[in-house]
Number of protein chains: 2
Amino acid sequence: MIKLDRADVALLEALQVNCRLTSEELSEIAHLSPTACQRRLKRLRAEGVIEADISVVSPKAVGRQITMIVLVSLERERVDIVDRFKAAIRDTREVMIGYYVTGDADFILVITARDMEGYEQFTRRFFYENPDIKGFKTMVVMDRVKAGFAFPIDVD
Amino acid sequence: MIKLDRADVALLEALQVNCRLTSEELSEIAHLSPTACQRRLKRLRAEGVIEADISVVSPKAVGRQITMIVLVSLERERVDIVDRFKAAIRDTREVMIGYYVTGDADFILVITARDMEGYEQFTRRFFYENPDIKGFKTMVVMDRVKAGFAFPIDVD
DNA sequence: ATTGTTACGCAGGATTTATGCATATTGGAC
DNA sequence: GTCCAATATGCATAAATCCTGCGTAACAAT
């Protein structure tokens, strides 16, 4: 785990919400000069603390009308099967989020599709044609109440 | 739904992965001048197609060792109760993602905590003390296989 | 205390973004 | 098809922002 001071935390919390802030704006938040802020960000990105800087696109605005939560159970929890499914998740662009979990299912996925027909086609390709999968259960997202990855960060 | 041409799509798909690309880099992707790319992004942001530009921070790197998926069931599916819980989701920073869903549960949440103790404290505050909640079920995330919001976008 | 390392702020250069203008393209009416 | 208004484009340039080098300050170890 990386050692973070108060300024790092302030920067990270701000950037989790808006990563297009200028160094000037960040300097006000972190109480450092703009240059120091830049350097810290450079370090935080190099160290993998900041994993990515991404734009969140509204699925609905671009024609992806449905979002599905899918609980997936595998035939067996063997390492090779798990790893194979992890790779499938990473290689499949319709899968926005994929977590390997304990509990009711082995994996939980968040998937977008144009419509139900699109989702059905996806299930055919991704689930039914995959012999590693024992079953899956779908929940339709009716409202993306909150979609982000921001969380509170504590000073070390 | 917003009308998107090939260039818009190329831009959006690139920015879903990396929103720190320069206009020059984007111009190569979209086959437009850098200025035109800037204008398109300005429009896409103004129209809400791009909802946010965010940095994804590694929870583990900053001491948030556990991520939980929580299925929440409400006492009743009355509008006021649902809206109240949606507001609670939005107001609670530990909740990174919150979807209102059909199926086994009413809501599905993604929550980070420092450790099990931190998660327990959170459940006390957020679930047990909320009379609107009938029950909740937790799944521990063992591997954040894929965490992002990128999906494929079709040309209109 | 000293010393070495790391981080800082400042100044200035390099790069990127924003803006205004002229021109090109597109969409709608006929 | 033509014509015209609206919209989008690329270019040039101004403004803003980022990056780098340097000297100094701060910190950690002894």
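Excluded from the calculations below are hydrogen atoms, water molecules and symmetry mates; all remaining heavy atoms, backbone and side chain alike, are included. Here is how names work: the chains are called A, B, and so on, in the same order as the sequence lines, proteins then strands, and each is numbered from 1.
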Item to complete: Measure the shortest side-chain to side-chain distance between A/Leu26 and A/Leu32 over non-hydrogen atoms and say whether it is less than 4.5 angstrom.
Response: no
Fill in: Sorted by number, the residues of residues 22-50 of chain B with heavy-atom contact under 4.0 Å to DNA chain C
B/Thr22, B/Ser23, B/Thr35, B/Gln38, B/Arg39, B/Lys42
Item to complete: Would you mind telling me which residue lines up with the more 5' stretch of DNA chain D, B/Ala7 or B/Arg20, judged by nearest nucleotide?
Response: B/Ala7
Item to complete: Without swapping roles, check the side chain of A/Thr102 against the backbone of B/Val140 for a donor-acceptor pair under 3.5 Å.
Response: yes
Item to complete: Taking heavy atoms of chain B and a 4.0 Å limit, find me the 5'-most and 3'-most nucleotide of DNA chain D within that range.
Response: D/dA8 to D/dA12
Worksheet item: Got B/Ile69 and B/Thr138 here, is their nearest side-chain heavy-atom distance under 4.5 Å?
Response: no
Worksheet item: So, are B/Glu94 and B/Arg64 salt-bridged, with charged N and O less than 4.0 Å apart?
Response: no
Discussion item. When you compare the side chains of B/Thr112 and B/Tyr119, does any donor N or O come within less than 3.5 Å of an acceptor on the partner?
Written reply: no
Discussion item. Closer than 3.5 angstrom, by distance alone: can the side chain of B/Asp106 be matched with the main-chain N or O of B/Leu74 as a donor-acceptor pair?
Written reply: yes
Worksheet item: Are side-chain heavy atoms of B/Tyr99 and A/Val110 found at a separation under 4.5 Å?
Response: yes
Worksheet item: So A/Arg40 and A/Asp5, salt bridge (charged side-chain N to carboxylate O under 4.0 Å, His left out) or not? Walk me through it.
Response: CA-CA 11 Å; A/Arg40 293 209 176 196; A/Asp5 68 10; 2.7 Å; yes
